[in-house]
Enquirer: 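Quick one: structure below, then a few questions.
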Amino acid sequence: MAPLPGAELVQRPLQLYRYLLRCCRQLPTKGIQEHYKHAVRQSFRVHSDEDNPERIQQIIKRAIEDADWIMNKLRVGAEELPGQPPPSSRSP
């Protein structure tokens with residue numbers, strides 16, 4: 001399962017960049033959002049000179065997998081915070 005709908009449509013680096021920034025908006029706190037936005041921007045700069053299409057697709061696949069892992073980890077962590085009602089009893 002991907003963090004946001006549309007992950008399967010990401011084919012180019014700029015699409016990945018936008019997708020990952022949208023994922024950052026889903027994170028629970030402003031501090032965490034800023035941390036991951038910074039990481040996305042840095043990674044984009046580091047790989048900006050990559051021109052091998054196979055390597056680019058590897059990077060895209062791995063970045064989406066990593067985003068999925070982070071989003072799931074933070075969702076589970078947020079559900080286990082003390083002092084909050086269980087997820088099933090929270091209002092939408």
Side-chain angles (χ1 to χ4, degrees):
M1 178 183 153
L4 286 178
E8 64 281 351
L9 302 175
V10 174
Q11 297 297 317
R12 297 185 326 225
L14 187 56
Q15 291 172 324
L16 175 66
Y17 181 74
R18 290 177 178 162
Y19 174 80
L20 293 174
L21 290 179
R22 282 193 304 273
C23 287
C24 289
R25 287 190 226 138
Q26 302 296 314
L27 297 172
T29 67
K30 204 65 157 163
I32 293 172
Q33 290 174 9
E34 291 303 317
H35 170 80
Y36 283 105
K37 279 185 199 176
H38 178 73
V40 167
R41 289 180 182 120
Q42 269 191 318
S43 186
F44 189 76
R45 284 188 206 114
V46 166
H47 296 293
S48 64
D49 61 345
E50 186 64 61
D51 57 359
N52 180 341
E54 288 179 24
R55 177 70 179 129
I56 290 170
Q57 289 307 308
Q58 286 177 341
I59 293 168
I60 289 171
K61 183 177 184 278
R62 178 63 189 263
I64 292 172
E65 289 170 357
D66 290 349
D68 186 27
W69 184 84
I70 290 166
M71 298 290 282
N72 286 334
K73 177 182 175 189
L74 291 174
R75 263 189 225 121
V76 168
E79 291 172 358
E80 295 173 356
L81 287 175
Q84 288 191 354
S88 60
S89 66
R90 290 184 197 159
S91 57

Enquirer: Count the heavy atoms belonging to other residues, nucleotides or ligands that lie under 6.0 Å from NE2 of His38, then report whether that count exceeds 12.
Expert: no

Enquirer: I need the Trp69 CH2 to Leu74 CG distance, nearest 0.5 Å.
Expert: 8.0 Å

Enquirer: Just one of Gln57, Arg55, Lys61 clears the side chain to side chain contact (heavy atoms under 4.5 Å, CB included) bar with Ile59, so which one?
Expert: Arg55

Enquirer: In Å and rounded to the nearest 0.5 Å, what is the CG to NZ distance from Asp66 to Lys73?
Expert: 12.0 Å

Enquirer: Verify the cluster assignment for Tyr19 and Leu9: are they in a single hydrophobic cluster under the rule of side-chain heavy atoms below 4.5 Å apart?
Expert: no

Enquirer: How far apart are the closest heavy atoms of Cys24 and Lys37, and which atoms are they?
Expert: SG-N, 3.6 Å

Enquirer: For the atom pair OG (Ser43) and OH (Tyr36), what is the distance rounded to the nearest 0.5 Å?
Expert: 13.0 Å

Enquirer: Enter the distance from Arg12:CZ to Ile56:CD1 here, rounded to the nearest 0.5 Å.
Expert: 11.5 Å

Enquirer: What are the two closest non-hydrogen atoms of Asn52 and Glu54, and how far apart are they?
Expert: OD1-N, 3.0 Å

Enquirer: Got a second to check how far Lys30's NZ is from His35's NE2, nearest 0.5 Å?
Expert: 15.5 Å

Enquirer: Could you give the distance from CZ (Arg18) to CG (Leu20), rounded to the nearest 0.5 Å?
Expert: 12.5 Å

Enquirer: Run the numbers on Leu16 and Gln11 for side-chain contact (heavy atoms from CB on, under 4.5 Å), then give the verdict.
Expert: CA-CA 7 Å; Leu16 175 66; Gln11 297 297 317; over 6 Å; no

